[in-house]
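Every chain is numbered from 1 and lettered A, B, ... according to where its sequence line falls, protein lines coming before strand lines.
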2 protein chains.
Amino acid sequence: MNFGFKAILTTGQAPLYAQIRGHLLQRIALGLWKPGDLLPSETALADEFAVSQGTVRKALDGLVANNLVVRHQGKGTFVATHTPQRELFHFFHLVDQNFTRQMPETSRLISCQLRRGERHELHNLKLGSNAHVVVIRRVRRLYGKPVIMERIVVPSKLFPGLSENDNVPNELYHFFEKTYGVTIHKAIENIYATSANQETSLYLGLKQGAPVLGITRIAESLDGAPVEYRLSLCNTCAHTYMNEIV
Amino acid sequence: MNFGFKAILTTGQAPLYAQIRGHLLQRIALGLWKPGDLLPSETALADEFAVSQGTVRKALDGLVANNLVVRHQGKGTFVATHTPQRELFHFFHLVDQNFTRQMPETSRLISCQLRRGERHELHNLKLGSNAHVVVIRRVRRLYGKPVIMERIVVPSKLFPGLSENDNVPNELYHFFEKTYGVTIHKAIENIYATSANQETSLYLGLKQGAPVLGITRIAESLDGAPVEYRLSLCNTCAHTYMNEIV
DNA sequence: ATCCGAAATTCATATATAAGAGTTATAGGA
DNA sequence: TCCTATAACTCTTATATATGAATTTCGGAT
């Protein structure tokens, strides 16, 4: 099936592979190709865009580098998915004294409610002034002990019915992707030290005023829109936030 | 100049470009090509290894992705250097409320001494039990206010005469590279919340017991050996540690 | 001094071939 | 006839090379 995309690919501007990469990226962001889907083969795409296989391959190289697609020799190229493993290694940074990551155990759900967004929430999520949000509050445990208290704020528009859900699963991003078609792609975290207030100290089993690690996260979906604003308060007596600088 | 490297490149094993990448990496790590040096052209390397220019280019792609070399069309390929800008964006993560990085201002040097390494220092630097280290302690300021207190531990063997140096420059990694030929390539940081002891509170202008952000860093040189063990204590009242997850 | 072109570089694209994985066809025994 | 092992085929991604374009530098003619 040849859509004659050669017409779209302008000759004077960016190189072909960059233009093709943009087209492919758009199809993934629009959901035309969903996570887990098998992409057309490199030769098929080469036919469609009227270029060589190597050029399509170079376009795909960029998407692979951004963790948007995964290649398997002999089988094909697939849109990347949020497996629990990927979620753990990519988005979870708390490690124990041996520098190993441990999947957080069954979290205790404190609340999951729908309400109007507060000022700073709306600002961080780039929402209009009357938008509603779903707020999830929960405690996560490592090795049985409560370590993280989370407050997760998402736009209600993107997640209809989420507030009625009584048991939010542990792997949130996998759940978002599977149930709501929202893929979390990148995030920015800001980390600071603070001290535990009464509620925090209660949930995390600390003395009031004990130092805790605060992490705010703004996560973006594939199209670049912020879709999650998260505050995590962590007890770092037995764990640290590990960051690899390469 | 053709060394007949075709003989070294085994045919059955890894692909040619991967083998060549290994050879090039080794030359950089060994200091045969120093930071800032111009590499032989892609065609010259192709001649040397008896492969095509495209294969050498693919080998170089890997080094570019790892920030080891920099390419300039029409000019050539250069071994990457630690400019202050790169050091700031790559290794410095404290940002202000506008999420902008600010180069830390003239730091106050508390001490710079040579002594035997303590147990945990030697362990983190993978040194023998009698090895000596140089310990630098200093305070760094942002917008004029003291924000970071650092203790930097490096093996004395790699940095002869460092302890006699009375004014250690601000840009440490640039200095290490220029003066001692040690290039910091990657690092692992572990972050936690703690509270200021008397000394820390004094230097950072905080109340004793105030929450501060602790950051330990183990930095590696090009050959993978740990060359710096650093502890930073940060006042995060007006700054946060920003981490981009991509 | 200024312009122009040749030489050197990286960059872009195409082509050919190899290597991996799955499917189908086929031959040979029970 | 039925089952099984294997060979052959087809699809995929992966690797290697060839050719020309874009970009910078530099020297020589004007």
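- Identified under the salt bridge (charged side-chain N to carboxylate O under 4.0 Å, His left out) test for residues 82-91 of chain A, with sequence neighbours left out: none.
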Using distance only, find each side-chain donor-acceptor pair of residues 58-66 of chain A under 3.5 Å and give its atom names and separation, not counting sequence neighbours.
{"from": "A:D61", "atom 1": "OD1", "to": "A:R71", "atom 2": "NH2", "distance (Å)": "2.2"}

I'd like to compare against my own output: the B/S/- annotation of nucleotides 5-13 of chain C with a strict under-4.0 Å heavy-atom distance to protein.
----BBBBS

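- For B:F89, there are no ring-ring contact (aromatic ring centres under 6.0 Å, His included) partners two or more places apart in sequence or in a different chain.
- B:K186 pairs by the salt bridge (charged side-chain N to carboxylate O under 4.0 Å, His left out) definition with A:E244, not counting sequence neighbours.
- Applying the salt bridge (charged side-chain N to carboxylate O under 4.0 Å, His left out) rule to B:R140 yields the partners B:E150; only residues at least two apart in sequence or on another chain are considered.
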